[in-house]
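Structure first, commentary second.
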Amino acid sequence: MITGTGVSGGIGIGRIRIVKEQKIVYERRRIRDTEKEIQRLRSAVGSFVKVTEELAEKLESEAGQKEAEIIRGHILIMKDPVLTDEIEKLIKGGECAESAVEQICNMFISVFSAREDELTKQRASDLEDLKIRMIKHLIGLDETVLSSLPPDTIICAKELTPSMTAGMDKKNVVGFITEKGGETSHCAIIARALEIPAVLGANGIMQLAKNGQTAVLDGISGKIVLSPDGDTLFEYEEKKKRFDEKAELLKNYRGKPTEDSDGRQYSILCNVGNSQDVDKVISGDGEGIGLFRTEFMFMDRKAPPSEEEQFEVYRAAALKMQGRPVVIRTLDIGGDKDVPYLEIKEEDNPFLGVRAVRYCMKHPEILKEQLRAILRASAYGDVKILVPMIADLSELMFVKKMTAEAEKELEAEGIDFCRNIDIGVMIETPSACVIADLLARESDFFSIGTNDLIQYTMAADRGNSDVSYLYSVFKPSVLRSVMHIIRAAKRAGIPVEMCGEAAANRLMTPLLLSFGLDKFSVSPSSVLSIRKEISSYTKDQADKIREAVMEMTASEEIITYLKSELDKYADD
Ligand code: PEP
Ligand code: MG
């Protein structure tokens with residue numbers, strides 16, 4: 001058995017199809033007529049853009065707009081003068097177009113690969129994909145090798161690029177296995193959107209697997225079995241049946257109110273990163289938007305989006321939610337989210353540096369523009385403001401002051417907006433947790449950001465696997481913090497939601513119910529499973545579980561106990 005990272009749930013049973021990179025061979029020529037060579041490059045770019053747009057449209061209809069944007073990103077890169085000017089410069093110096101593309105792309109790839117953060121590394125792998133595709137266009141190689149596949153195919157590759165998945169005959173694909181890639185790679189995102197089970201990071205699979213070989217894969221545990229024997233095959237067929245039945249069962253929770261066994265009401269909102277995700281809130285049956293991560297709108301471009309552009313995006317979200325809540329978080333950049341044109345200084349400790357509200361306080365013009373856009377959108381729905389990374393009351397007061405100023409401006413300009421917009425605080429630093437009572441006096445609601453709360457409470461970088469043993473919401477200190485925050489909100493009479501990943505963790509559900517959480521904000525694909533989970537507990541049952549857990553001293557013990565309780569209450 002081989003194990004990788006399960007990134008897209010479900011069981012795949014089928015036959016392996018090995019996908020190898022096409023060998024690309026070209027003759028490196030010296031060019032005399034460089035003008036003609038530049039024309040050849042430009043015409044290849046033209047055909048590249050045309051094919052890429054077709055691939056994006058195909059992917060959009062199969063997986064969704066967000067997934068298609070990944071492919072469209074190739075067009076943006078290929079049209080970027082930073083890249084094309086450099087390529088043309090080399091051609092003018094006598095390089096042939098293929099070699100110029102290869103050299104310049106390689107230069108950017110080595111710069112990006114050397115960086116630590118996942119997003120920049122992902123950009124390197126996008127450029128690798130783009131480089132090979134561009135050279136294929138220059139030498140006239142066919143790109144669409146996977147457009148026709150036999151039924152029950154498991155695609156096995158070193159790495160699956162967005163362009164490979166875009167052109168693929170996906171109705172016949174029952175699984176993806178790759179050697180490279182992880183949870184946040186584009187392949188993972190596309191696999192989840194297509195609901196195809198996927199195991200990535202399966203080292204050595206390309207040497208072990210053979211074309212036509214029967215295989216099974218588990219997209220949750222990350223297990224892969226090649227040439228399974230009869231018993232194993234039967235075991236996986238049963239697992240697949242159970243998984244599919246469970247998915248079917250969850251559909252019963254669609255359109256139902258979110259309530260526990262006693263009939264207490266809760267809300268399940270969704271986390272979104274862009275306007276395309278907003279459609280998934282509706283298809284996932286979310287009850288509104290609990291976290292709009294606006295920083296993604298600021299990334300992969302050269303200047304901040306204007307007030308008008310932001311307003312259009314926020315208004316569209318508000319209109320689509322039809323009166324249900326839309327919580328828009330102000331810019332949360334810095335930390336691992338670098339936006340080059342915003343010129344955030346290199347810092348020794350970016351997670352402890354000028355991040356989120358701290359950046360906004362240094363650049364009030366950017367914050368003001370965003371607040372104006374949010375306020376204007378508030379005329380179209382139940383829009384709220386959420387401020388990230390608050391560590392001190394003064395930061396919240398600053399944002400409130402800026403909001404009041406923005407309101408005054410809009411008033412003077414005769415622009416419509418909602419008076420008394422709710423302003424909430426993300427509780428994600430230990431300081432905010434400790435002064436939750438003080439913050440509650442000045443906030444309309446809290447939203448607990450466990451992703452950061454864990455890293456700052458445990459002093460363990462959320463992206464560093466060497467300290468991942470400390471990074472757990474089940475550490476007693478983190479659980480106590482969460483309980484403290486919720487209780488502080490209750491005492492102050494303000495609603496409290498959780499938008500960190502822990503809100504979608506079923507083991508956490510009874511604890512959150514017992515602590516008194518009002519709203520869960522999760523990814524659209526988790527709405528139904530958390531609604532079902534909430535429905536399985538009475539308040540008494542949840543309280544008993546909480547009492548037992550809060551006496552325990554080790555996260556391992558807590559997890560084992562919660563798993564055994566989950567087995568008791570879950571009917572799947
Ligand atoms: C969090 O920290 O829990 C959170 C939701 O914010 P982000 O993951 O965007 O930092
Ligand atoms: Mg956070």
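When a ligand or atom number is given, it counts from 1 through the structure's own listing order.
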* Atom nearest to the Mg ion (ligand 2) - E428, N, O or S atoms considered -> OE1
* Asked: Counting only heavy atoms not in E557, do more than 12 fall under 6.0 Å of its CD?
  -> yes
* **Per-atom contacts of ligand 1 with L291, taking only distances under 4.0 Å to non-hydrogen atoms** => 5 (C)
* Asked: Does any N or O atom in E501 lie less than 3.5 angstrom from one in ligand 1, N or O only?
  -> no
* **Side chain, backbone, both or neither: R329 near ligand 1, heavy atoms under 4.0 Å** => side chain
* How does Q455 reach ligand 1, if at all, at less than 4.0 Å between non-hydrogen atoms: by side chain, backbone, both, or neither? -> neither
* To do: Using a 4.0 Å heavy-atom threshold (strictly under), name the region of R355 that reaches ligand 1: side chain, backbone, both or neither.
  => side chain
* Which of the atoms in ligand 1, numbered in the order shown and given with their element, are less than 4.0 Å from a heavy-atom of G449? -> 1 (C), 2 (O), 3 (O)
* To do: Examine R462 against ligand 1 and note whether any of their N/O atoms are separated by less than 3.5 Å.
  => yes
* **Enclosure of E365 CD (heavy-atom neighbours >12, cutoff 6.0 Å)** => yes
* To do: Output the atom name for the N/O/S atom of D452 with the smallest distance to the Mg ion (ligand 2).
  => OD2
* Give a yes or no answer on whether the side chain of R372 reaches the backbone of L367 with a donor-acceptor pair at less than 3.5 Å. => no
* Asked: Is atom NZ of K368 surrounded by more than 12 heavy atoms (other residues, nucleotides or ligands) closer than 6.0 Å?
  -> yes
